Undergrad: 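First the structure, which I've put down as structure tokens, then a few questions once you've had a look.
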There are 2 protein chains.
Amino acid sequence: MIKGVYRAYSSSANLGPGFDVMAVALNAYHDDVEVKVTTPGSRHVEVRFYGEFSTGIAPEKSTVMLAAKELLSRTGICADVEVSVTKGIPVGKGLGSSGASAAGIVRALNDLLGLELGESEEVLIAGEGERASAGVPHYDNVAASLHGWLTIVFKGRPGIEVRSYRVRATFVIAAPNLATPPSKTEVMRSVIPRVVNLGDVVANQGNLAALVAGLLLGDLALAGKGMEDHIVVPARAKYIPCFYWARDAAMNAGALGFTLSGAGPSTIALVPSEAVAKEVSRAVKEAYKACGISADVVIARPAPGVLRID
Amino acid sequence: MIKGVYRAYSSSANLGPGFDVMAVALNAYHDDVEVKVTTPGSRHVEVRFYGEFSTGIAPEKSTVMLAAKELLSRTGICADVEVSVTKGIPVGKGLGSSGASAAGIVRALNDLLGLELGESEEVLIAGEGERASAGVPHYDNVAASLHGWLTIVFKGRPGIEVRSYRVRATFVIAAPNLATPPSKTEVMRSVIPRVVNLGDVVANQGNLAALVAGLLLGDLALAGKGMEDHIVVPARAKYIPCFYWARDAAMNAGALGFTLSGAGPSTIALVPSEAVAKEVSRAVKEAYKACGISADVVIARPAPGVLRID
């Protein structure tokens with residue numbers, strides 16, 4: 001029997017115009033994934049959840065279970081796997097909670113079994129785990145949690161390609177305390193328009209180019225301007241109480257850009273400094289309070305990919 | 001009377017997924033714009049075209065005339081302007097010929113009249129000149145010719161914003177010798193779909209992120225992968241004889257990416273080295289020849305913005 005404990009960080013997908021292609025790993029929260037592997041085995045996988053945010057997770061239908069089974073079946077490895085996940089990432093908030101757990105188990109098994117799966121393959125397998133929360137595989141959150149920092153995912157021939165870039169930036173994450181509806185991610189994917197006007201495509205592409213250039217070159221004012229999305233966020237924001245109040249409060253307090261984190265309801269603001277981060281935190285919290293909603297607000301920075309901690 | 005001569009380089013817009021938001025200035029060709037300004041004057045503008053590619057240009061309806069008049073009317077300057085353009089950029093090939101002339105006159109007047117127009121304003125005015133060739137203003141080519149290198153244009157509040165980044169790359173430009181239909185750019189804009197499937201938007205956005213990251217960080221293999229477009233190029237390529245033959249030939253000869261230059265029919269290939277550039281040049285020329293078309297093929301590098309040369 002071999003074992004290890006792996007830490008996977010929360011993440012924020014899209015950053016506005018980067019729907020399904022961009023995400024950033026964030027040190028705001030993390031899951032710890034303890035894995036015991038016995039070989040040879042019968043591909044029996046057992047998953048347990050612990051910690052503050054474990055309530056209501058069905059282990060059998062979790063991303064961890066799906067991702068572990070996907071990995072064993074793809075690689076043909078006959079192992080028994082026992083997983084204990086300590087959930088430190090709030091669930092259903094748009095902070096990549098399910099993706100982080102999937103990233104943790106995939107990296108753990110890759111590492112402990114010496115599989116030498118490549119970056120893209122890790123992301124593909126962990127992305128399959130996301131079927132559990134979104135109904136379809138998607139790769140943005142898992143790519144960020146797996147490989148850290150700012151990640152870009154794009155279609156390769158075949159499969160997908162992943163790039164991870166270490167960037168410097170400070171963000172303010174606000175998670176409003178709302179009841180998370182069942183299948184939240186799936187529902188929030190269903191509200192996105194299936195077809196998009198060319199004008200919105202062009203507007204989004206201009207912003208995305210500005211966002212990528214701004215983050216990679218450390219021009220955060222430019223990156224903030226590029227965070228405005230014309231396709232997905234307008235469709236989703238209708239379902240997020242007080243989103244525009246929070247946005248206006250953040251921008252007035254000095255945020256460079258503000259958008260939904262993943263499918264929401266959490267929001268993410270890009271800020272130019274620690275001092276402004278505090279101002280923005282206060283302003284967003286106040287805006288939600290004035291709206292009758294309490295919100296957990298944290299300052300976060302880009303985080304590394306999955307780390308082995310024991 | 002004050003005068004000066006300004007050189008404006010050719011450009012390639014879009015680079016695949018960057019429709020209307022991205023372009024690169026290229027040292028393959030240039031226009032020289034000689035300007036004489038008399039103040040005070042009556043806003044009389046006179047334009048003459050000279051050189052190899054001046055045949056058939058109607059000065060009164062040219063981008064140069066439109067851009068000059070736009071500038072005088074916006075700034076309220078009462079000057080008489082006399083312009084002589086030596087056209088070195090082939091017209092109607094997708095190489096930003098009309099945009100370069102517009103860029104040249106706008107920079108010349110800004111400079112000679114000491115107007116201190118900002119980057120975005122120069123682009124807005126020169127973009128108005130593009131109505132002459134495209135029926136609508138657009139900014140990608142003029143931004144590249146005005147400010148040089150790789151340029152990104154995105155919507156600001158209000159107006160537009162422009163960024164220019166010096167990048168290192170080698171390109172192969174192939175201009176097939178086809179009769180250019182009247183209003184080519186306008187027609188090639190009309191064939192683009194007005195609405196786009198979300199799946200194609202996501203595919204394009206992933207590629208655009210890869211393209212920007214690749215060019216800015218000098219990862220040319222990544223940039224080449226990002227040059228595949230899912231929206232505009234497939235719609236336009238149907239009207240470009242032998243485009244896919246040329247593409248396959250270029251890729252087989254070692255090109256990293258291959259797409260239409262602007263609205264075509266010229267193509268642009270990104271190559272990893274001077275040696276591969278020669279191989280790709282030969283291969284593309286051969287492919288067109290096998291297709292019964294002669295093509296002018298040149299190796300080009302990113303060029304600076306408008307230069308005063310006299």
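Keep in mind the model is a prediction, meaning the values are calculated, not measured. Order of the sequence lines sets the chain letters (A, B, ...), proteins ahead of strands, with each chain counted from 1. For the numbers below, each heavy atom of this structure counts, side chains included, while hydrogens, waters and symmetry mates do not.
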Undergrad: Would you check, one step at a time, whether the test side-chain contact (heavy atoms from CB on, under 4.5 Å) holds for Ile231(B) with Leu198(A)?
TA: CA-CA 9 Å; Ile231(B) 299 173; Leu198(A) 185 66; 4.2 Å; yes

Undergrad: Where on Asp219(A) is there a heavy atom nearer than 4.5 Å to chain B: the side chain, the backbone, both, or neither?
TA: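 Just its side chain gets close to chain B.
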
Undergrad: How far does CZ of Arg163(A) sit from NZ of Lys225(B), to the nearest 0.5 angstrom?
TA: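 With rounding to 0.5 Å, CZ (Arg163(A)) is 5.0 Å from NZ (Lys225(B)).
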
Undergrad: Is it the backbone or the side chain of Val196(A) that comes under 4.5 Å from a heavy atom of chain B, or both, or neither?
TA: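 Both backbone and side chain of Val196(A) come within 4.5 Å of chain B.
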
Undergrad: With a 4.5 angstrom heavy-atom cut-off, which part of Arg194(A) approaches chain B: side chain, backbone, both or neither?
TA: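 Contact with chain B involves both backbone and side-chain atoms of Arg194(A).
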
Undergrad: For the OH atom on Tyr239(B), are there more than 12 heavy atoms of other groups (residues, nucleotides or ligands in this structure) within a distance under 6.0 Å?
TA: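 No - once you tally the heavy atoms of other residues, nucleotides and ligands closer than 6.0 Å, there are 12 at most.
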
Undergrad: So which of Val232(A), Leu222(A), Asp20(A) has the largest heavy-atom pair count under 4.5 angstrom toward chain B?
TA: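 Between Val232(A), Leu222(A), Asp20(A), the count favours Leu222(A).
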
Undergrad: Please rank Ile192(B), Leu211(B), Ile152(B) by heavy-atom pairs under 4.5 Å with chain A and give me the top one.
TA: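 Highest number of pairs under 4.5 Å: Ile152(B).
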
Undergrad: Looking at Asn204(A), Asp200(A), Val153(A), which has the largest count of heavy-atom pairs under 4.5 Å with chain B?
TA: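 It is Asn204(A).
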
Undergrad: If you compare all heavy atoms of Val212(A) against all heavy atoms of Ala213(B), which two are closest, and at what distance to 0.1 Å?
TA: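 That closest heavy-atom pairing would be CG1-N, 4.1 Å.
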
Undergrad: Does Arg157(A) come within less than 4.0 Å of Glu228(B), counting only side-chain N to carboxylate O?
TA: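 Yes, charged N to carboxylate O under 4.0 Å.
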
Undergrad: With only heavy atoms counted, which part of Ile160(A) is less than 4.5 Å from chain B, the side chain, the backbone, both or neither?
TA: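 Contact with chain B involves no heavy atom of Ile160(A) at all.
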
Undergrad: Locate the shortest heavy-atom distance separating Phe19(B) from Gln205(A); write the atom from each residue and the value.
TA: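 Closest pair (atom of Phe19(B), atom of Gln205(A), distance): N-NE2, 4.0 Å.
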
Undergrad: Can you tell which part of Val195(A) gets under 4.5 Å to a heavy atom of chain B, answering side chain, backbone, both or neither?
TA: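 For Val195(A), backbone and side chain are both near chain B.
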
Undergrad: Which answer fits Leu217(A), side chain, backbone, both or neither, if we ask what part of it has an atom under 4.5 Å from a heavy atom of chain B?
TA: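 It is the side chain, since no backbone atom gets that close.
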
